[in-house]
Amino acid sequence: MSKVIFITGASRGFGRIWAEAFLKRGDKVAATARNLDALDNLKKQYPDTLLPIRLDVTDRDAAFAAINKTKEHFGRLDVVINNAGYGLFGAIEETSEKEARNQMEANFFGLLWVTQAALPIMRAQGSGHLIQLSSILGVVTLPVLGLYNASKFAVEGLSETLATEVKGFGINVTLVEPNGFATDWGGASAIQTSPLAAYEPVKKAFSEGLTDDSWGRPEATTAAILRLVDDANPPLRLFLGKIAYPFAKQVYSDKLATWEQWADVAVAAHGK
């Protein structure tokens, strides 16, 4: 049975790849983008099953209108994939107020608005699946991506809480946490802060730590996403790529060791 899938940021990268995969197998897709010209070719191929919608996810009213348009057009809403967002590269000290706010508006608040818009429909249906695009950098951090890290940590906290609130309504929530992939996330889609010379060694060390193997092939994620959408009992979290899990495992092993080392101090601070 085909599904109705709403996906943000569908003009390129993961969003475009996944939207096309859903359409190829017969699903109905509402694909949002700021520039609908990028979806023209897909619309010509799938005139009856693709609904292109112009959307800036930071506009709350527009997010609600887009979700409602999808429900009115296709009759239901099975899956929402909150994919829209971008990377802000630069040291925390370098980051301007506008850059910081824009990063949170796109990566966190945009996801929140779309989620809030979808929930009443899914509650009424008694079913639905919210797939939130987080990142390995919502689980662990890297330097020179501080605001991006923060936005994805916020997505993690929001979505983990949401999963406990909506499970009883038949709604599933999954955090998809990719490691690096060869999309334009670090290229055309990225924003760079104005550099301070003091952070050049940090940035140099970061870039020298990357290799060709650091980046997965985005097309290879399709099978995982199709399986996730079709699973009757989807996981709360799903890593994508071979680097994410060992990276997170090492960082959390270190965290647990530190908490254990300071456990006596922590318990004494309880006061009783």
Side-chain angles (χ1 to χ4, degrees), residues 82 85-95 99-101 103-109 111-112 115 129-168 171-181 185-186 193 198-199 201-211 213-216 221 224 228 231 233-272:
N82 271 306
Y86 68 93
L88 173 63
F89 287 75
I92 290 169
E93 186 181 351
E94 295 172 346
T95 306
E99 288 168 337
R101 291 186 182 279
Q103 179 77 125
M104 296 302 294
E105 286 287 345
N107 291 8
F108 175 72
F109 284 105
L111 174 144
L112 174 58
T115 297
H129 190 180
L130 289 157
I131 297 176
Q132 317 283 56
L133 257 291
S134 178
S135 168
I136 180 59
L137 300 185
V139 180
V140 300
T141 66
L142 285 173
V144 306
L145 283 157
L147 268 295
Y148 181 81
N149 293 329
S151 72
K152 294 304 185 180
F153 267 71
V155 167
E156 293 272 334
L158 176 83
S159 301
E160 184 174 315
T161 304
L162 179 66
T164 66
E165 294 176 348
V166 302
K167 190 68 174 178
I171 302 171
N172 293 306
V173 178
T174 299
L175 284 152
V176 172
E177 301 156 334
N179 54 222
F181 279 83
W185 173 80
T193 60
Y199 291 99
V202 177
K203 294 176 183 179
K204 185 172 184 288
F206 171 72
S207 62
E208 288 178 349
L210 301 173
T211 68
D213 203 40
S214 299
W215 311 100
T221 63
L228 177 65
D231 199 297
N233 186 30
L236 175 59
R237 287 184 167 84
L238 174 66
F239 283 137
L240 294 180
K242 69 180 183 181
I243 293 170
Y245 175 65
F247 186 14
K249 185 176 181 180
Q250 180 59 57
V251 170
Y252 272 79
S253 294
D254 293 344
K255 288 185 178 185
L256 287 167
T258 300
W259 286 324
E260 181 69 26
Q261 182 182 356
W262 285 82
D264 291 345
V265 176
V267 170
H270 193 68
K272 61 180 181 179

The reported gap from CD1 in Ile131 to CG in Asn82 (rounded to nearest 0.5 angstrom) is 10.0 Å
Which residues pass the side chain to side chain donor-acceptor pair (under 3.5 Å) test with Gln103, sequence neighbours left out?
-> none
Hey, does Trp215 have a side-chain heavy atom less than 4.5 Å from the side chain of Leu210?
-> yes
Does Ile243 CD1 have over 12 foreign heavy atoms under 6.0 Å away?
-> yes
Atom CZ of Arg101 and atom CZ of Phe109: how far apart are they, to the nearest 0.5 Å?
-> 9.0 Å
Of all heavy-atom pairs between Phe239 and Val139, which one has the smallest distance, and what is that distance?
-> CE2-CG2, 4.3 Å
Would you call Ile171 and Leu130 a side-chain contact if the rule is heavy atoms closer than 4.5 Å?
-> yes
Residues passing the side chain to side chain donor-acceptor pair (under 3.5 Å) test with Lys167, sequence neighbours excluded, are Asn172
Could you go through the side-chain contact (heavy atoms from CB on, under 4.5 Å) check for Thr193 and Phe89 one step at a time?
-> CA-CA 6 Å; Thr193 60; Phe89 287 75; over 6 Å; no
Given side chains that start at C-beta, do those of Leu236 and Thr174 come closer than 4.5 Å, heavy atoms only?
-> no
Looking at Lys203 and Glu94, does any basic side-chain N land under 4.0 Å from a carboxylate oxygen?
-> yes
Looking at side-chain heavy atoms only, is the closest gap between Tyr245 and Asn179 below 4.5 Å?
-> no
Heavy-atom distance under 4.5 Å between the side chains of Leu238 and Leu228, does that happen here?
-> yes
Looking at CG of Leu111 and CD of Glu105, how far apart are the two atoms once the value is rounded to the nearest 0.5 Å?
-> 12.5 Å
Nearest heavy-atom approach of Ala106 to Tyr86 is CB-CE2, 3.6 Å
Kindly list each side-chain donor-acceptor pair under 3.5 angstrom involving residues 153-165, sequence neighbours excluded, with atom names and distances?
unit_1, atom_1, unit_2, atom_2, d
Glu156, OE1, Arg237, NE, 3.1
Glu156, OE1, Arg237, NH2, 3.0
Glu156, OE2, Ser134, OG, 2.7
Ser159, OG, Gln132, NE2, 3.4
Ser159, OG, Val155, O, 2.9
Glu160, OE1, Arg237, NH1, 3.3
Glu160, OE1, Arg237, NH2, 2.6
Thr161, OG1, Gly157, O, 2.8
Thr164, OG1, Thr161, O, 2.6

What side-chain donor-acceptor pairs closer than 3.5 Å can you find for residues 140-152, not counting sequence neighbours?
unit_1, atom_1, unit_2, atom_2, d
Asn149, ND2, Leu142, O, 2.9
Asn149, ND2, Leu145, O, 3.1
Ser151, OG, Asn107, ND2, 3.1
Ser151, OG, Tyr148, O, 2.8
Lys152, NZ, Leu133, O, 2.8

With Thr211 via side-chain contact (heavy atoms from CB on, under 4.5 Å) - residues at least two apart = Asp213, Ser214
Which donor-acceptor pairs under 3.5 Å do the side chains of residues 255-272 make with protein atoms, sequence neighbours left out?
unit_1, atom_1, unit_2, atom_2, d
Thr258, OG1, Asp254, O, 3.1

